[in-house]
Every structure is written in C-alpha cells, then in structure tokens.
Amino acid sequence: RLLNTSKGKAMQVRRAQADRVRYKLLWKNLLEKADGLDLIEGMVEEILTSCGHVIGVRLREGLKLAAKAVVLATGTFLNGRVLLGSFTYPAGRSGEPPSIALAASLRKLDLKMDRLNTGTTPRVNRHSIDTSGLKRQDTSQTPLALSFWSKPAVLTNDYPVYVTHTNEETHQIIRENLSLTPNYNGLLLGEGPRHCPSLESKIVKFPDRTSHKVFLEPEGRETAEVYLQGIYTAFPPKIQERIVHSIAGLEQAQIERYGYDIEYDYVDPTQLRPSLEVDGIDGLFLAGQINGTTGYEEAAGQGILAGINAARSIKGEKPLVLSRGQAFIGVMVDDLVTKGITEPYRMLPSRAEYRITLREG
Ligand SMILES: Cc1cc2nc3c(=O)[nH]c(=O)nc-3n(C[C@H](O)[C@H](O)[C@H](O)COP(=O)(O)OP(=O)(O)OC[C@H]3O[C@@H](n4cnc5c(N)ncnc54)[C@H](O)[C@@H]3O)c2cc1C
C-alpha cells in the first residue's frame with residue numbers, strides 16, 4: 001500500500017506486508033544457491049582479533065572461522081532478557097537463547113555498551129477473530145513495487161489487514177493493573193522506543209485519549225497467527241487476555257503467543273566510523289539493532305552498507321560513505337556515529353534536512 005496519501009508526496013511511503021515464513025525460506029534458499037558463499041549456522045561466542053584487526057570468530061562448539069572482515073548483526077540477542085508480568089528469563093527472542101558469551105567478548109574488546117528495551121504484541125488465531133464489524137484495509141489497486149528492479153503490480157488480496165480500536169474498558173483494565181507490567185513495576189531497564197511505545201505507556205502518557213488504533217496483521221499463509229499492531233504489552237497472560245477481549249472483533253480471540261518486553265545490550269554507535277566499521281578494530285563491522293536502532297528498514301539499510309564496506313575493506317578499497325543529502329541511510333548513519341542514541345533509533349523523515357529531495361515519490 002501507499003501510506004499517507006492524504007499528505008504531500010514527500011510524506012508518502014510504500015508498505016509491504018510480507019509473509020514471515022516464506023520470506024525467511026526465500027532468503028535461505030537464495031543464500032544457499034549463491035555463488036562464492038558458504039552458509040554456516042552456529043552460535044558465535046567470541047570475536048578473534050590480533051593487533052587491532054579482526055581475524056575471525058569462534059563458534060560455541062569450538063570451531064574457529066578465519067575472516068578478514070566480520071559483520072555483526074545480533075539484534076536483541078546480546079544479554080537478552082524477556083519480561084512478562086513479574087516473570088523474566090534469559091532469551092534473545094521468545095523461545096531462542098540469548099548471546100551471553102558474545103556480549104562478554106565485545107566488552108573484552110573495550111566496547112562501550114548499554115541497555116535498551118523493546119516490546120512485542122500478543123498474536124491471536126485468525127479463526128477466532130470476528131471481522132464482520134471491522135474496517136478492512138485492502139491491497140492497493142494501483143500497481144506498486146518497492147524496488148526500481150521490480151515491475152509495479154497489483155497483488156492478490158487474500159489476507160487483508162483489519163482495523164479495530166481500544167476503548168474505555170481496555171484503558172480501565174490497564175490503569176487498574178499498572179503495577180503488574182514490567183513497564184511500570186521497576187523490572188525493565190534501559191530506554192524503550194518512543195515511536196512504538198507499549199500500550200500501557202500510551203494510556204499513561206495520553207490520559208485524554210479514549211481510544212487507540214489496532215491493526216490486525218496476518219503473519220503469513222502457512223500460519224493463522226495475527227499480529228496486533230499497536231498492542232505492545234508485557235502484562236501477565238491473564239491481564240493480556242482481558243485487554244484483548246475488551247476490543248471489538250477480538251471478544252473471543254484465542255491468544256497463541258503472549259506479548260512481552262525484551263531488554264538487551266547495544267553497542268554505543270559513536271564508536272563506529274561512517275563505514276560502520278568499529279574504530280580501532282579494523283575489519284569488524286556492526287549493523288542493525290546492535291547499534292541501537294529499531295526497525296526493518298534501519299536494519300536493512302545498515303546491513304547493506306556494512307556488507308559493502310566489509311567487502312571493500314578486504315579488497316583494500318575506500319569505504320562507501322553516504323552523505324546526509326544523498327540518502328536516508330546517510331542521515332541515519334551520520335546521526336548514529338556522530339550523536340549516538342538515548343533511545344531505540346528510528347529513521348523518521350523529519351530527521352532528514354533534505355527530505356524534500358530524498359523522498360521516494
Ligand atoms: C515481534 C517483533 C515485531 C516487529 N515488528 C516490526 C515492524 O512491524 N516493523 C519494523 O520496522 N520493525 C519491527 N520489529 C523490529 C525489527 O524486527 C528489528 O529491529 C530488526 O529485525 C533488527 O534487525 P537485526 O538484523 O539487527 O536483528 P534481528 O532481525 O533480530 O536478527 C538477529 C539475528 O542474529 C542472530 N544472532 C544473535 N546472536 C548471535 C550469535 N552469537 N551467533 C550467531 N547468530 C546470532 C539471531 O539468531 C538472529 O537471527 C519487530 C521486532 C519484533 C521482535
């Protein structure tokens with residue numbers, strides 16, 4: 001879809017709803033077939049360096065992989081801790097182990113690190129939602145594409161998004177139980193994302209709002225899970241059920257996975273060069289949430305830049321550095337490496353002083 005169509009061209013952006021399972025498989029398949037690439041899955045525990053240059057990584061099983069350049073993109077896994085009500089456990093994401101040894105290895109390299117947090121929403125079973133009274137958001141009937149390489153097309157519309165809203169009852173449940181969520185019971189450390197706040201903090205910070213939008217986003221064709229965009233919450237399961245069931249269309253919704261908060265280490269990005277290489281450790285590049293950002297576009301933008309520059313460093317070529325006037329990636333990287341962050345960073349158009357010319361439309 002094209003978003004913000006009621007606003008001017010500079011504010012309009014495309015959004016794609018991707019099938020999470022198929023997307024992952026597609027990429028695995030592409031990488032497995034790529035020429036000159038060996039794919040090895042394993043838990044990295046240590047970054048190996050010599051004389052200020054990276055020389056490889058050590059996997060949990062002891063295997064050492066030699067490398068002239070390494071790109072680290074560990075997301076929320078470094079010393080990750082999941083929080084749900086008063087319950088906490090070490091995890092990189094729900095059900096996946098955290099990276100404890102790797103975080104210690106980065107500290108040994110004298111990298112300055114700190115904590116951030118982010119939340120996720122409950123997922124409900126599509127078959128338990130009553131969409132009859134909800135507003136339906138369809139795929140654009142104007143042909144669109146995300147890339148200049150793709151031919152604009154109208155996509156099939158088998159899995160639309162539906163829109164519903166929180167209400168006074170939802171807000172009342174939240175207000176009465178605030179002491180039960182890690183967002184307000186003192187358990188959660190670090191700063192959270194201001195632009196994707198938890199539902200509980202929206203209720204506290206904007207007490208005059210009687211309702212907040214909730215987008216019911218299908219996760220894919222092979223799963224019935226629906227993501228409740230807008231309800232980032234870490235209340236105990238019983239309270240999450242009451243919150244979800246108070247919302248129109250979700251009265252009978254069956255929660256397949258509960259929302260939770262996750263707290264993790266990030267590396268202070270002011271220690272990076274504009275190429276995303278760590279200053280003082282040649283050949284070590286960092287990209288994505290490890291640098292204090294949050295979001296797909298932010299991670300992808302840094303990933304491509306770090307990858308290009310890792311390859312260039314091996315070939316002895318000058319790094320690719322994008323300026324603030326050339327690309328949103330240039331704005332983001334310049335902000336990260338010169339100003340650092342105090343909360344999870346999102347690449348908002350308002351951060352770009354050249355947004356009139358950087359716009360996509
Ligand atoms: C449930 C959820 C929903 C989200 N929804 C949105 C959204 O709608 N829009 C949006 O823009 N953003 C969203 N985000 C945020 C977005 O997913 C992240 O900011 C982004 O994916 C970060 O990308 P990344 O590459 O830095 O890390 P990730 O995508 O988290 O990938 C990190 C990878 O590193 C691997 N790893 C970690 N440690 C090690 C190690 N020691 N050895 C080997 N591998 C390791 C992990 O297994 C993982 O595969 C969401 C996040 C979550 C959790």
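Whatever order the structure lists them in is the order used to number ligands and atoms, beginning at 1. In what follows, residues are counted from 1 in the order of the sequence shown. Here the structure is a predicted model, which means the values were calculated and not measured.
Here the side chain of Q252 pairs no donor or acceptor atom with the backbone of S128 at under 3.5 angstrom.
Among L286, L109, V70, the one residue that satisfies the side chain to side chain contact (heavy atoms under 4.5 Å, CB included) test with I281 is L109.
The hydrophobic cluster of V321 has no other members, since no ILVMFWY side-chain heavy atom comes under 4.5 Å of it.
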inquiry  = For E45 and R58: C-alpha separation, side-chain torsions, deciding distance, then whether salt bridge (charged side-chain N to carboxylate O under 4.0 Å, His left out) applies.
reply    = CA-CA 6 Å; E45 290 212 325; R58 182 180 56 76; 3.6 Å; yes
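A cation-pi arrangement is not found for R20 relative to Y227, the charged atom failing to lie both closer than 6.0 Å to the ring centre and inside a 45° cone about the ring normal.
For E263 and R81, the salt-bridge test passes: some basic side-chain N is under 4.0 Å from an acidic carboxylate O.
Residues with a heavy atom under 4.0 Å from ligand 1: G42, M43, V44, A73, T74, G75, F77, R93, S99, L102, T120, R123, Y227, Q229, G288, Q289, T294, G295, Y296, E297, A299, R346.
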